[in-house]
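Worksheet: the structure to be examined is printed underneath.
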Amino acid sequence: MSEQSLSSIQLNDEEIDILENDYDSLLYGLIHFDKPEDLPRRQFLLMAIQFYEEKIRNEKESLQIAQYYINIGHWHLLLEDFSKALSAYQAAYALDTKLNQNPEFLFGLGIVYHHYGADNHAIRAYQQVLYVDSQFLRRSDVHLRLGLIYKKLGDYSSSLKYFQRALGDSTSTCSLTRSELSYLIGFVYEQQGHLTEAENLYEKLLQQQDIISTKLEGKILRQLGWLYFYAPITNNSNTDNLNLERENQIKKAINTLEQACKSDPTCGITYYYLGRCYAALRKHTEAFYTYRNCVDKLDQNADVWCSIGVLYQHQNQTMDALQAFVCAIQIDNKHAIAWMDLGILYETSGQAQDALFCYKKAILDKDESWNPELINRINQLQSCLAQIPEGAIGKQPRGPLPKVEDAFTLPIPVELTAKQQQMATTSSATTSLPTPTSTNVSNQPYISSSEILPPPSSSILTSNIKPSIDVIRIDKRLLTNDQSIRPKRIKTEPTLSFTSNTSSNDLQKIIKHSSSPLPPLPVSYLPDGHIPKPPPIPKMTSFDLNPATPSVILETRREATSTQLQQYCFSQPICIVRGIANVLKLDLGLFSTKTLVESQPDHPIEVRTQRQQATDENFDFTSMTTPLKNVWKYQSTRSYTTIAKYAQYQAYSYHDMVKDELNEPILPSINTNSSLITNSNMIMTNGTSKKVTNNKTSNTNSSISSIRIIKSGTNVDLSDERKWAAQLSELTKLPLFMRVVSAGNLLSHVGYTVLGMNSVQLYMKVPGSRTPGHQENNNFCAININIGPGDCEWFAVANEYWGVIHTLCEKNGVDFLTGSWWPILDDLYDAQVPVYRFIQKPGDLVFVNTGCIYWVQSIGWCNNISWNAGPLTYNQYYASIERYEWNRLCSCKSIVPMVHLSWNIARNIRINDRHLFELIKFILHQSLKYIQLTLSYLEQQFGRGVDVRKQLRTLHEPAHYCITCDYEVFNILFITEIDRKHVVRCLDCALQYDKQLENVVVLYQFTLDDLKTVYDQFQLYLLPTLNSTTRSITNT
Ligand SMILES: [Zn+2]
């Protein structure tokens, strides 16, 4: 291509204006280029890209170049050329890191990451869009996309949350219709096992036939029909009618699925479901017919082949059945049902050895509750086979079917191989695309533009016809539901640079001058306004990855109450304090199981059912690989019982364990009744249980080991001062900085009970009870005392490494903030993360400092008590407010309402630490600014249309959180009614719910004058003398 042809492209000012203002990532998914009439628009964009590449070559100013790259990135995105879009976005970010505050850029980048399946990157980009612009024009699409990613990751509660937010948002443009969103919600309900909700939702959607497309109708009918088929029968008072009822249910399902086929004849899954229904009614011909239909429409589906195998088996076509099961397993190696069915097929053909092999494959990733009969059958088969002399097995007559190892080498039926080839080509096509792997987009330097942006195909260049501007004009602002054109947001918030001397009057003057028609965006409470992010990997200060745990042994009462102890605890990431119970004469017996049962037997306790493992192991029991691999994801299930019942279990498990030790080796016993009191030994077969590390021998031995299922009791709430008076008063013997309540403890100023934080929680444990890895809520400190009689083992990592652990969590598919994880120690050592590891004996107190990450496992039988504390220091306050912002970014609730708390601190305490004072004053400043901007917006926009009513706070009234986004709502509450209950929303969510605020009541809890007074009177407290304590309490 010659230079001339490039320079011949010229765009006039109007065209440039349209391109730069109307064509950006916001249009993605709303305009298309695939129809012939779109060709001029497409050509126009391609030409624009060339024109801007030329501009880049002639530009020196790096920020300007970055802007050109963003434009090019957006246009490639609109043309769905994702790899070029990614390159351009990366080039832009490399030149201008401030782009992480540009929502259009972040949205485009998120879509590209999403396209390539870089889920964690996409999540981060989307979350940042909402963080920097909570009123983003494509907000509901961002929610939808987050919902889709979490659905894919199997995190259904997050997925549901985002789908609901997309649906509840009436003012932003979404690329899916409300019915489509509702369908997705129904689908998630199904995955969560909320079948009634799903059914009701689907049925409701079908009633709106005039507004749903036939394709969507087909999907809904398909899910509904399938749900009728698999949902358990409910009112079965008369067991005689059970079969009849079941039959009617299946007929209803068939009816619905047939309708689904009519609405959408192209969907293979519908045919599969229909086939399953026919098979269940033993209508084999119909079933075969529909499965055939399904194989034609679905590429690769193990379920279909498995079902076909079952049909063949019913017809006694064993060889056909075998091949169908093998097909299923070849598609999905972990298909337990296919393995089990294949095993049954072998067993009915008299090939016990092969059957046993398949059965073991089937239960490999299951726990004992999945199929107890199968586990019994395995044991029986094993003991039968064990009685056959060693050499005799090979000499057994050959069964009618090929042996299992040969079955997988049989020629595959032609139609399946064709399918597999097709699969192979499509999958390689999708994986060969470049994927963004670097954690930081700026890491990947932009390769010279000629490499990344090759010249477009000649047809465009040779056609010198320039598309006319009429076909091009798309004003994206018209695409919103909003009839009034919404101006692009220009920073209209007062750009008042904060100093701690700024008075409330200064603030108000500036706000009065700013008149924005848009609602104010949430303010950042971080002093430099940066977007919170995990810290980078700390520079190594020591090479000791197993540092000695800081510990203190107390010998006198004086030592326990000394300031040195406090200073030491505050200076270490974590610290073990020994002998404190002794020197302070704490009666820990008050927290023993015996006392608890005597005093409050019916008190509720949360139970976590988990597997007992060695403290440094966390095996993935869902994997098929041998030996079992360690993973980060840690699973437990939740239930509830009472203290008395748990105590009984605790005692029983103790006697049981002692008995087991006397009777080694453990005989495998299967207990299907998993009530609290039963001993739940379970077996793992095929040498894959925890004991097996040398798999070579174990695979042949088929050894059975024992994995114990245990129940640990957590989160027993001891906040009730009447119920737990003796216990709580005992803890007042502790030094001030460790106490549950003290004037110098930030959490004592929240003003209401935050369970487990400013109140005591109790844990009741058996050996192996785990507290998975976490940081405390809002990075507060924690105090934990082991009551005994057994020990606990602790693992801890200093706060500055949370970024590293966050990254490791992402890599391992667990959510750092909300997930349940047990770190693999080797992964931490490989990442150069020092890990404290120590034993907490009865009477030992562990002080967990700000932001320390830790995970704990009990070695023996013991109880623990714990609570949080917030030292009045700059470090603690900053860490808490930073986590507050990080939580907002991640759409997680901050359990400690930092804004509410800051106003209380300003009222209650005089601060003499300048750093801390300025931080709190800044938070108040931001809060006051937001309140004033909100009031000013309401007045300008609605005038008398919105009534702002006063409703003062009651004593111990908890802080408020938005029902939609979980963000703290301070002072100005937007109240709506849901199911006759009043719920609170933030301004943004209230406007999304009801744009005119017609059905919203606006309340305020403090007058502006009151807050201004508190703000102005909150001043640095200069100590009269030099040697006073670090703070002064005015209100205790
Ligand atoms: Zn909200």
Side-chain angles (χ1 to χ4, degrees), residues 103 126-147 150 157-172 174 181 185 482 489 493 518-525 531-532 778 817-818 881 883-900 926-927 929-931 933-935 937-938 941-942 946 948 951 958-979 981-1005:
Y126 291 147
Q127 284 177 339
Q128 285 191 12
V129 174
L130 300 173
Y131 182 84
V132 297
D133 184 2
S134 55
Q135 293 148 26
F136 187 61
L137 227 45
R138 298 290 302 275
R139 182 184 53 226
S140 55
D141 252 295
V142 176
H143 284 135
L144 163 67
R145 288 168 161 272
L146 282 165
Y150 281 113
S157 59
S158 298
S159 173
L160 184 64
K161 179 174 84 179
Y162 285 114
F163 285 150
Q164 282 171 334
R165 285 182 69 175
L167 184 67
D169 188 341
S170 58
T171 58
S172 141
C174 185
L181 283 169
I185 289 172
D482 193 346
R489 176 174 287 278
E493 277 90 67
L518 296 179
L521 287 175
V523 287
S524 167
Y525 293 99
I531 296 188
N778 288 88
L817 282 184
T818 59
I881 199 73
R883 179 48 52 93
Y884 184 82
E885 289 295 321
W886 175 253
N887 283 342
R888 173 157 79 89
L889 178 74
C890 299
S891 285
C892 280
K893 186 173 177 174
S894 274
I895 305 296
V896 182
M898 290 303 293
V899 175
H900 165 90
Q926 292 295 85
S927 169
K929 181 172 94 178
Y930 183 69
I931 291 167
L933 284 168
T934 303
L935 292 172
Y937 164 76
L938 290 176
Q941 196 66 21
F942 301 98
V946 167
V948 185
Q951 190 186 68
H960 295 282
Y961 291 90
C962 174
I963 184 100
T964 309
C965 70
D966 273 340
Y967 193 51
E968 183 190 349
V969 186
F970 178 75
N971 195 26
I972 302 183
L973 315 176
F974 296 83
I975 313 286
T976 54
E977 208 178 280
I978 295 182
D979 301 332
K981 272 188 200 155
H982 288 121
V983 295
V984 173
R985 283 195 169 84
C986 68
L987 172 63
D988 277 333
C989 295
L991 287 169
Q992 285 165 37
Y993 169 81
D994 179 355
K995 207 174 131 34
Q996 299 304 326
L997 299 183
E998 282 163 349
N999 299 304
V1000 178
V1001 176
V1002 188
L1003 299 179
Y1004 69 92
Q1005 301 204 290

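Along the sequence shown, residues carry numbers from 1. Atoms within each ligand, like the ligands themselves, are counted from 1 in listed order.
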Q | Residues that Val1001 engages under side chain to side chain contact (heavy atoms under 4.5 Å, CB included), provided they are two or more places apart | A | Arg949, Ile975, Leu1003

Q: Would you please indicate if the ring centroids of Tyr967 and Tyr884 are separated by under 6.0 Å?
A: yes

Compile the donor-acceptor pairs under 3.5 Å between side chains in residues 889-900 and protein atoms, sequence neighbours left out, one pair per line.
from   : atom 1 : to     : atom 2 : distance (Å)
Ser891 : OG     : Tyr162 : OH     : 3.3
Ser894 : OG     : Asn778 : ND2    : 3.4
Ser894 : OG     : Asn887 : ND2    : 2.9
His900 : NE2    : Val750 : O      : 2.8
His900 : NE2    : Asn904 : ND2    : 3.4

Q. Of the non-hydrogen atoms in Cys174 and Leu181, which two are nearest, and what is the gap between them?
A. SG-CD1, 4.2 Å

Q: Sort by chain and number the protein N/O/S atoms that are closer than 2.8 Å to the Zn ion (ligand 1), and list them.
A: Cys962 SG, Cys965 SG, Cys986 SG, Cys989 SG

Q.
Run the ring-ring contact (aromatic ring centres under 6.0 Å, His included) test against Tyr126 and tell me which residues pass, sequence neighbours left out.
A. His114

Q | Of Asp133, Asp169, Asp988, the residue whose pairing with Arg139 passes salt bridge (charged side-chain N to carboxylate O under 4.0 Å, His left out) | A | Asp169

